[in-house]
Every structure is written in structure tokens, then in C-alpha cells.
Amino acid sequence: SLSPFGPGNPAPLFLLRDCRFSDLSLVGGQRQHLKGTVSQDGRSIPFIAFRMGRHIDKFEQGSGAGLIFRPGFDDWRGTVQVEAVDLVED
């Protein structure tokens, strides 16, 4: 089990290796967040990267990179997505 998490127990982080990014767009009032799709081995899921909009070029060039993320639920749209925490070179 990966629970409990909350105050004093941070949510678990995961690493997705050798992934691809597509459908990238800047969102937020000041376009400070990055939204898109991350894919690996033919499977895709939406992601949001809060306060990482200024790094869009790294995501565009990040084919084959690793993504550190938290799984989550998008309350705004009612869908599953991942919250990107960092981008790493494999």
C-alpha cells in the first residue's frame, strides 16, 4: 500500500522512463503551467506540470527522457492525470 499520505507523509513519486511528450500547451493566468500528454510503449496519459511553463522547450526536446510524477485526479475535468514534478535525462 502507498498510503497513508498527507500532512507529514508526502505523496509517493514515480519515475516513468523513456517517455515522449505531445500536445504541449501553456495554461494558467500567466501561462506558467505546462499541460500535455506523456506516452510510453504505446500508452498515453494527460499530465500537468505546475510552474514549469518556462521549461516547455525541454519537454519538446525531451523525447526519451524520464518524468518524475505523482498520479492524480483532475477535479476540474473529472479525469485521471499525472502531476509532473521534474524531467530527467535517461
Side-chain angles (χ1 to χ4, degrees):
S1 172
L2 297 176
S3 60
F5 59 89
N9 297 306
L13 296 176
F14 297 90
L15 172 62
L16 184 63
R17 294 185 181 274
D18 192 30
C19 51
R20 312 273 184 264
F21 304 98
S22 60
D23 306 321
L24 298 173
S25 63
L26 296 172
V27 297
Q30 299 172 343
R31 298 172 48 91
Q32 71 273 32
H33 310 306
L34 180 61
K35 180 179 175 172
T37 301
V38 60
S39 304
Q40 179 194 56
D41 296 331
R43 295 186 177 106
S44 301
I45 190 166
F47 78 88
I48 185 77
F50 294 110
R51 296 171 301 285
M52 293 181 72
R54 67 182 178 274
H55 301 296
I56 190 170
D57 58 325
K58 292 179 183 176
F59 282 83
E60 289 172 335
Q61 300 167 3
S63 183
L67 183 70
I68 299 173
F69 70 94
R70 289 183 190 97
F73 186 75
D74 180 359
D75 292 328
W76 179 259
R77 300 201 192 285
T79 60
V80 174
Q81 71 176 5
V82 297
E83 180 186 338
V85 175
D86 204 354
L87 186 66
V88 295
E89 293 184 33
D90 275 348

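For the single chain, residues carry numbers from 1 onward in sequence order. Heavy atoms only: backbone and side chains are in, while hydrogens, waters and symmetry mates are out.
- In the hydrophobic cluster analysis, where Ile, Leu, Val, Met, Phe, Trp and Tyr join through side-chain heavy atoms closer than 4.5 angstrom, Leu87 is grouped together with Val82.
- Linking ILVMFWY residues whenever their side-chain heavy atoms come closer than 4.5 Å, directly or via other members, leaves Met52 and Val27 in distinct clusters.
- Annotation: ring-ring contact (aromatic ring centres under 6.0 Å, His included) contacts of Phe69 (sequence neighbours excluded): Phe14.
- The side chain to side chain contact (heavy atoms under 4.5 Å, CB included) search around Pro46 returns Gln81, not counting sequence neighbours.
- Both Val38 and Val80 are assigned to one and the same hydrophobic cluster, defined by single-linkage of ILVMFWY side chains at heavy-atom distances under 4.5 Å.
- Between Phe47 and Phe59, the ring-plane angle classifies as parallel under the 30° and 60° cut-offs.
- Screening residues 45-58 for side chain to side chain donor-acceptor pair (under 3.5 Å), with sequence neighbours left out, gives no hits.
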Worked check of side chain to side chain contact (heavy atoms under 4.5 Å, CB included) between Gln32 and Leu34: CA-CA 7 Å; Gln32 71 273 32; Leu34 180 61; over 6 Å; no
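- Listed by first and then second residue, the side chain to side chain donor-acceptor pair (under 3.5 Å) pairs that reach into residues 37-47 are Asp23-Thr37, Ser39-Ser44, sequence neighbours excluded.
- Under the side chain to side chain contact (heavy atoms under 4.5 Å, CB included) criterion, Arg70 pairs with Ala11, Leu13, Glu83, Val85, sequence neighbours left out.
- Looking at every heavy atom in both residues, Pro12 comes nearest to Pro71 through O-CD, 4.3 Å.
- Ile48 and Leu16 fall into different hydrophobic clusters, where Ile, Leu, Val, Met, Phe, Trp and Tyr are joined by side-chain heavy atoms under 4.5 Å apart, directly or via other members.
- For the atom pair His33 NE2 and Ile56 CD1, the distance stands at 13.5 Å (nearest 0.5 Å).
- In this view, Arg31 satisfies the salt bridge (Lys or Arg N to Asp or Glu O under 4.0 Å) rule with no residue, not counting sequence neighbours.
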